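Note sheet for the following structure.
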Amino acid sequence: MHLTKEEERMLNGEEGHAVEKSMEILVALGDIYGAEKLINIDSVQVAGVSYHNLGDAGLDQLAKDGKVKVLTTLNPAGMDLENWKKLGISKEFAEKQNLVIEAFRKMGTIISCTCTPYLIGSLPTYGRHIAWSESSAVTFANSVIGAKTNREGGPSALAAAFVGKTPSYGLHLDENRVPDVHVDVTVNSKKISDWGALGWCIGKKAGNKIPYITGVRGACLDELKSFCASVVTYGSKPLFFMKGITPCSEKHQLPKERFTIEDVDIKEAYESINDDVDTIDFVCIGCPHCSINEVAEVARLLKNKRICSSTEFWVATSRLIKQLADKRGFTDTIESSGAKFACDTCLAVAPLKGRFRSVATTSAKGCYYSRHNGMKTRLGSLEECVEAAVKGKWS
Ligand code: F3S
């Protein structure tokens with residue numbers, strides 16, 4: 001890979017330890033994937049923030065002289081940074097997680113702790129290069145916005161933040177952003193969980209191919225973020241083209257290879273994602289993190305209701321969205337019902353293994369990770385999840 005004089009100096013340690021180590025990572029990646037050069041990026045999203053996943057990763061060493069060069073936000077941590085006790089997190093875990101957060105703070109990252117950075121001010125524009133980890137956000141950035149990013153790992157994203165650049169390969173290059181398979185959707189997705197089920201179907205069938213999706217009659221932001229999270233969880237490519245949604249998708253020809261998604265496929269998705277479980281002891285809304293619109297909807301449905309005493313209900317969102325909810329009175333309504341806000345964290349990265357037996361959620365991706373945490377899963381609409389929380393049962 002060709003390096004400029006300035007990049008050579010960084011690699012030689014002239015900008016300190018963190019930049020030197022970062023350049024080593026970026027050059028190694030560039031060499032593996034055949035990148036010709038490094039390119040400037042506008043922003044970074046760093047995943048792997050939870051102490052639960054990260055452990056003692058030696059971030060304090062990097063924090064000694066590492067400072068991010070571009071707008072850098074963080075994925076959810078393993079706990080609500082302010083109300084961790086309310087969510088049943090141990091003091092020991094909280095202390096370790098706080099050390100991780102402190103290291104990121106010293107590096108100059110924004111302690112956003114959300115997987116929806118695009119909802120809180122880190123919003124790239126069409127065609128711009130970024131280096132994001134967190135598959136749902138990467139898919140949203142590539143496919144809904146039309147920004148360009150590979151699916152970074154935590155270390156390569158942080159390395160890009162310290163250098164302000166990333167190797168030019170993969171989805172940074174237009175020749176790799178071409179659809180391989182035409183997916184014609186004949187179903188009409190009505191509830192939010194249907195978008196996760198649609199993502200399951202397309203992800204499973206498209207596998208490693210880039211889909212060009214037709215037949216979708218418009219989608220709102222919450223539907224698209226749910227779809228993005230699911231399609232990349234059950235498939236593997238963090239890029240799709242959706243007619244009428246993805247900017248400039250019409251410049252691509254429809255691929256010859258083609259499959260359809262019909263009602264029977266969606267039914268199969270629900271059957272595969274759902275377990276045969278009735279008693280629900282955990283309900284979690286907000287995977288990806290809730291928008292203010294979703295929080296408002298949760299508040300509307302919970303008004304004058306009471307959560308079942310044997311069920312824990314989390315509304316996972318960013319602290320910034322929670323602050324809007326506070327101002328609009330949604331927080332009071334939600335908390336009066338017995339439900340809790342889980343800011344800065346989520347059902348996948350909090351240390352939940354062994355704590356709950358079953359989860360009801362609107363998120364197909366949430367079901368995938370909850371199964372890994374040993375929970376039985378129920379995927380459904382927001383109304384169905386709220387009802388499950390009130391009754392302690394899936395109807
Ligand atoms: Fe976000 Fe956690 Fe879901 S990171 S997409 S809420 S699994």
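All values below come from the heavy atoms of this structure, side chains included, with hydrogens, waters and symmetry mates left out. The structure presented is a predicted model; accordingly, all values stated were derived computationally and were not measured. Read the numbers this way: they start at 1 and go in the same order the structure lists the ligands and their atoms.
For ligand 1 and A348, the ligand atoms under 4.0 Å from any heavy atom of the residue are 7 (S). Listed by number with element, the atoms of ligand 1 under 4.0 Å from a non-hydrogen atom of C346 are 2 (Fe), 4 (S), 6 (S), 7 (S). Near G286, with a cut-off below 4.0 Å to any heavy atom, the atoms of ligand 1 are 6 (S). For ligand 1 and S136, the ligand atoms under 4.0 Å from any heavy atom of the residue are 5 (S).
If you run side chain to side chain contact (heavy atoms under 4.5 Å, CB included) between L347 and each of P76, C367, S370, only S370 comes through. Residue N142 forms a side-chain hydrogen bond (donor to acceptor under 3.5 Å, both in side chains) with just one option from R177, K237, K148, and that option is R177.
Ring pair Y169/Y33 is parallel by interplanar angle, where below 30° counts as parallel and above 60° as perpendicular. Ring orientation note: the planes of Y118 and F140 are close to parallel, at an angle under 30° on the 30°/60° scale.
If you check which protein heavy atom lies closest to atom 5 (S) of ligand 1, you get K365 NZ, 3.4 Å.
Checking H289 against atom 3 (Fe) of ligand 1, every N/O/S atom stays at or beyond the 2.8 Å cut-off. Under 2.8 Å from atom 2 (Fe) of ligand 1 lies no N/O/S atom of C287, from backbone or side chain alike. At a cut-off of 2.8 Å, C115 coordinates atom 1 (Fe) of ligand 1 through an N, O or S atom.
Two rings, from Y270 and W200, have their centers 6.0 Å or more apart.
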Please step through side-chain hydrogen bond (donor to acceptor under 3.5 Å, both in side chains) for the pair E335 and T331, ending with a clear verdict.
CA-CA 6 Å; E335 292 184 340; T331 304; 6.0 Å; no

Run the side-chain hydrogen bond (donor to acceptor under 3.5 Å, both in side chains) check on S230 and W195 step by step: do they pass?
CA-CA 8 Å; S230 178; W195 290 88; over 6 Å; no

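Residue S363 places every heavy atom at 4.0 Å or more from ligand 1.
Neither the backbone nor the side chain of A229 comes within contact range of ligand 1; no heavy atom lies under 4.0 Å.
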